[in-house]
Amino acid sequence: MKTSRLRFRRRLAVIFAALAALGLVSPAMAYSVYRAVNADATTGAVTWNAANFGVSGNPPTLSFFYFASDTAARAGMATAQCFVKVDLPNTNAPVQGDHDNVGNAAIHFVANPADQPLPFPWQIDFDDVPPGHWSIPKAQITAAAANNAASRVAAAGFHALATTGGSGVTIVNGTLGNCGP
């Protein structure tokens, strides 16, 4: 199984190199995941609250989805007002079970201490169920037991990432044309 995975990765690397040589893809192209969020319709400012960053499920996680481009994200989640876009720095062609980091230890954020926030980086995992699905486990976000606490911490954390240059997190327009932090 490990040998076939290595062969697959080698073949993928050869194909990617060939496409890059032909100019069809850029080796620096980011692999990005998206989360649909609501915003103020007038200002386009993302609503940085627990409702937009709901941690849920069993086990509880914060979900994101892979799309090849902003245009593909808008087509895939056509009713989304805005998107939080996360560039995954160490991901190229993930396989189920792979993971990457969101944020870094140098980026600090302010969350309610009662919500027991955990610092960056947070690990994001590729489970591909449903296809393209990535998630950040609650245990990466907070030490608190409540999903609501994790949702509030996630909102505060992603707000800090979206307003910190070089964090790999940006805000992208959805149905609103003026999205921003």
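Treat the numbers as computed from the prediction; the structure is a model and nothing was measured.
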- Message: With clusters defined by side-chain heavy atoms of hydrophobic residues (ILVMFWY) lying less than 4.5 Å apart, directly or transitively, does V55 cluster with V153?
- Response: yes
- Message: Can you give me the closest heavy-atom contact between Q140 and Q123, atom names plus distance?
- Response: OE1-N, 2.8 Å
- Query: Measuring from N38:CG to N49:CG, what's the distance to the nearest 0.5 Å?
  - Reply: 8.5 Å
- Message: Any non-hydrogen side-chain atom of P137 less than 4.5 Å from a side-chain atom of D125?
- Response: yes
- Would you say N173's side chain and C179's backbone share a donor-acceptor pair under 3.5 angstrom? yes
- Task: Check the side chains of T91 and D100 for a donor-acceptor pair under 3.5 angstrom, ignoring hydrogens and angles.
- Result: yes
- Message: Would the distance check show the side chain of N52 and the main-chain N or O of T47 forming a donor-acceptor pair, the cut-off being under 3.5 Å?
- Response: yes
- Message: Using the ring-ring contact (aromatic ring centres under 6.0 Å, His included) criterion, which residues pair with H133? Sequence neighbours excluded.
- Response: F65
- Note on the structure: Nearest heavy-atom contact between S167 and I107 is CB-CD1, 3.7 Å
- Query: Any idea which heavy atoms bring A72 and A68 closest together, and the distance?
  - Reply: CB-N, 4.1 Å
- With hydrophobic residues grouped by side-chain heavy-atom distances under 4.5 Å, do V102 and V172 end up in a single group? no
- Cluster overlap V33 with I171, hydrophobic side-chain contacts below 4.5 Å: yes
- Task: Search all heavy atoms of A36 against all heavy atoms of A80 and return the closest pair with its distance.
- Result: CB-CB, 3.5 Å
- Query: Would you call the rings of W122 and F109 parallel, tilted or perpendicular if under 30° counts as parallel and over 60° as perpendicular?
  - Reply: perpendicular
- Message: Quick check against the 3.5 Å criterion: does K138 have a side-chain atom that pairs as donor or acceptor with the backbone of A143?
- Response: no
- Query: Which pair of heavy atoms, one from G103 and one from P121, lies closest together, and at what distance?
  - Reply: O-CB, 3.3 Å
- Task: Evaluate the side chain to side chain contact (heavy atoms under 4.5 Å, CB included) criterion for residues I136 and I141: first the C-alpha distance (whole Å), next the side-chain angles of each, then the deciding distance (0.1 Å), finally the verdict.
- Result: CA-CA 8 Å; I136 301 173; I141 300 168; 3.7 Å; yes
- Taking the side chain as every heavy atom from C-beta outward, state whether L161 and F120 have any atom pair closer than 4.5 Å. yes
- Would you mind listing every salt bridge (Lys or Arg N to Asp or Glu O under 4.0 Å) that reaches into residues 46-74, with sequence neighbours excluded? D70-K85
- How about F126 and W134: are their ring centroids closer than 6.0 Å? yes
- Do we see a donor-acceptor contact under 3.5 Å between the side chains of T142 and D115? no
- Message: Quick one, F158 and L62 - any side-chain contact, counting heavy atoms below 4.5 Å?
- Response: yes
- Take V84 and V169 through the test side chain to side chain contact (heavy atoms under 4.5 Å, CB included) and record every step on the way to the result. CA-CA 7 Å; V84 171; V169 174; 3.8 Å; yes
- Task: Check whether any side-chain heavy atom of S63 sits under 4.5 Å from a side-chain heavy atom of R35, and report yes or no.
- Result: yes
- So do the side chains of F53 and W48 get within less than 4.5 Å of each other, counting heavy atoms only? yes
- Look only at the side chain of N101 and the backbone of I124, and say whether a donor-acceptor pair between them is shorter than 3.5 Å. no
- Look up atom CG in N148 and atom OG in S56, then write down how far apart they are to the nearest 0.5 Å. 10.5 Å
- For the ring pair Y31 and Y66, is the centre-to-centre distance below 6.0 Å? yes
- Query: Where the side chain of Q81 meets the backbone of L176, is there a donor-acceptor pair that is under 3.5 Å apart?
  - Reply: no
- Verify whether one side chain among Q96 and D98 offers a donor that lies under 3.5 Å from an acceptor in the other. no
- Shortest non-hydrogen pair, A39 vs G44, comes out as CB-O, 3.6 Å
